[in-house]
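The structure appears below as structure tokens.
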2 protein chains.
Amino acid sequence: MKKIEINSERFDNMVENIKKYGGCPVSATLKIIGGKWKPLILYFISVDVNRFGQLQRMMPDCSKRMMTTQLRELEKDGLINRKVFAEVPPKVIYTLTITGENLRPLFGELRKWGIENILEPKKKS
Amino acid sequence: MKKIEINSERFDNMVENIKKYGGCPVSATLKIIGGKWKPLILYFISVDVNRFGQLQRMMPDCSKRMMTTQLRELEKDGLINRKVFAEVPPKVIYTLTITGENLRPLFGELRKWGIENILEPKKKS
DNA sequence: TATTATAGTTACATTTTAGTAACCATTGTT
DNA sequence: AACAATGGTTACTAAAATGTAACTATAATA
């Protein structure tokens, strides 16, 4: 009986992903970018609204607590970088990672579908 | 002072959408397709796994109750049609609406990003 | 007569997510 | 001495999402 060889680190990763996302890449993606404030946060960071306080002022309905948890999740999922400066008062800036930048075409499609099908749907005479 | 004319039905719709989605087409889209089982349900319906029981057998971890609520929301949001046949035992089939079909390119992007960035990310040597 | 099949509904319990408000540390300013 | 500015954390509460199990209807079948 022939054995299959597979990089074990990669295998663990696959198992982990199947557990987390059911192995479906669409569900995986939605889980990662689908947080209540994540699209907006990613958008603002992408246009250099990149500090905690700035983000808060742009999204006054997102509480500090929510802002923190959303940012931490985005960081954990590898979409943003968090850079802390050793200053007082504290200074932290957020930037998109490559993975985060890779979202651009996807956001384009999400936006397009939303506009054409939800926000400005063609009236069916 | 000049008045702006606008179709009032359309205006009400815009107000409604801003309330529901904050006017952001990306959030709007994610809200509609982001339900726990919705991508999978839409996928199965798109490949003609189109009856309640069939869907359940494909997704055993989705309870009847969840299946029903997800299907009802998809219907309400105009992504699927529900056709009831007057038979015993009951027969219901689900199909994608045009709006639902319009999701295809978007799902393509979601899938692509998920594969390239989550499920099979290139190792950064 | 009991059972099967389909497509659900309902009540209730549990889990997850999100909101609120108070608190923290440090330095500079009034 | 008190307060502002920044970027949070923490405990507690409220609300929303989801799970579980029992129940529904009707005709055909064993």
Side-chain angles (χ1 to χ4, degrees), chain A residues 19-22 24 27-28 30-42 44-45 48-77 79-96, chain B residues 19-22 24 27-28 30-42 44-45 48-77 79-96:
Chain A
K19 269 197 271 187
K20 268 202 293 201
Y21 312 117
C24 169
S27 298
L30 289 173
K31 195 152 189 176
I32 286 174
I33 65 172
K36 190 167 184 185
W37 301 96
K38 287 179 186 177
L40 234 38
I41 290 174
L42 289 168
F44 283 124
I45 293 177
D48 287 321
V49 176
N50 54 16
R51 299 189 52 180
F52 191 92
Q54 290 176 343
L55 290 167
Q56 274 226 119
R57 268 170 253 127
M58 299 304 284
M59 296 176 258
D61 288 347
C62 177
S63 67
K64 276 174 174 229
R65 187 177 162 288
M66 270 307 276
M67 187 66 78
T68 308
T69 60
Q70 300 278 292
L71 286 167
R72 291 292 182 281
E73 287 177 21
L74 288 170
E75 193 192 357
K76 180 179 64 58
D77 289 330
L79 304 194
I80 62 174
N81 292 127
R82 177 169 181 271
K83 184 166 185 184
V84 182
F85 293 81
E87 299 177 7
V88 166
K91 177 176 174 184
V92 176
I93 72 170
Y94 294 96
T95 50
L96 294 184
Chain B
K19 269 198 270 188
K20 267 201 294 203
Y21 312 118
C24 169
S27 299
L30 289 172
K31 194 149 189 179
I32 286 173
I33 65 174
K36 190 167 185 184
W37 301 96
K38 287 179 185 177
L40 234 38
I41 290 175
L42 289 168
F44 283 124
I45 293 177
D48 287 320
V49 177
N50 54 16
R51 298 190 53 181
F52 191 93
Q54 291 176 342
L55 289 167
Q56 273 227 132
R57 269 169 251 126
M58 299 304 282
M59 298 176 256
D61 287 348
C62 177
S63 68
K64 274 169 176 242
R65 188 178 161 289
M66 271 307 277
M67 187 66 79
T68 307
T69 62
Q70 301 277 293
L71 286 167
R72 291 291 183 281
E73 287 179 18
L74 289 171
E75 193 192 359
K76 179 180 63 61
D77 288 331
L79 304 194
I80 63 174
N81 292 126
R82 176 170 180 271
K83 185 165 184 183
V84 183
F85 293 80
E87 299 178 6
V88 167
K91 178 177 172 182
V92 175
I93 71 170
Y94 294 95
T95 50
L96 294 184

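Below, chains carry the letters A, B, ... as their sequence lines are ordered, and counting in each starts from 1.
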Polar-atom pairs under 3.5 Å, protein N or O versus N or O of nucleotides 12-19 of chain C: list them with distances, or write none.
residue: C/dA18; atom: N7; partner: A/R65; partner atom: NH2; Å: 3.2
residue: C/dG19; atom: OP1; partner: A/K36; partner atom: NZ; Å: 3.1
residue: C/dG19; atom: N7; partner: A/R65; partner atom: NH1; Å: 3.3
residue: C/dG19; atom: O6; partner: A/R65; partner atom: NE; Å: 3.0
residue: C/dG19; atom: O6; partner: A/R65; partner atom: NH2; Å: 3.4

What are the two closest heavy atoms between B/G34 and A/L30, and how far apart are they?
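In this case the closest contact between B/G34 and A/L30 is CA-CD1, 4.5 Å.
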What heavy-atom pair brings A/L96 and A/N81 nearest, and what distance separates the two atoms?
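So the minimum-distance heavy-atom pair works out to O-OD1, 4.0 Å.
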Side-chain touch [X]/[Y], heavy atoms, less than 4.5 angstrom:
X     : Y     : result
B/I45 : B/L71 : yes
B/I93 : B/K83 : yes
A/R82 : A/I80 : no

Within the pair B/R82 and C/dA7, is there a side-chain N or O less than 4.0 Å away from OP1 or OP2?
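So the side-chain polar atoms of B/R82 never come under 4.0 Å of the phosphate oxygens OP1 or OP2 of C/dA7.
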Verify the contact: side-chain N or O of B/Y94 to OP1 or OP2 of C/dG8, cut-off strictly under 4.0 Å; return yes or no.
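Yes.
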Give the C-alpha distance, both sets of side-chain angles, the deciding distance and a yes or no for side-chain contact (heavy atoms from CB on, under 4.5 Å) between A/M67 and A/I41.
CA-CA 9 Å; A/M67 187 66 78; A/I41 290 174; 3.8 Å; yes
Without decimals, in angstroms, what is the distance between [X] [atom1] and [N] [atom2]?
X     : N      : atom1 : atom2 : result
A/R72 : D/dT10 : CZ    : C1'   : 14 Å
A/M58 : D/dG7  : CE    : P     : 15 Å
A/Q56 : D/dT9  : CD    : P     : 12 Å

In Å, rounded to the nearest 0.5 Å, how long is the span from CD1 of A/I32 to CG of A/L74?
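The CG atom of A/L74 is 9.5 Å from CD1 of A/I32, to the nearest 0.5 Å.
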Under 3.5 Å: donor-acceptor pair, side chain of A/Q70, backbone of A/M66
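Not at all, since once roles are kept as given, no pair shorter than 3.5 Å links the two residues.
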Show each protein N/O and nucleotides 4-6 of chain D N/O combination with a separation under 3.5 Å, one pair to a line.
residue: D/dT6; atom: O3'; partner: A/R51; partner atom: NH2; Å: 3.1
residue: D/dT6; atom: O3'; partner: A/P90; partner atom: O; Å: 2.9

Would you indicate what B/F85 reaches in the nucleic acid, counting non-hydrogen atoms under 4.0 angstrom: base, sugar-phosphate, or nothing?
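No contact.
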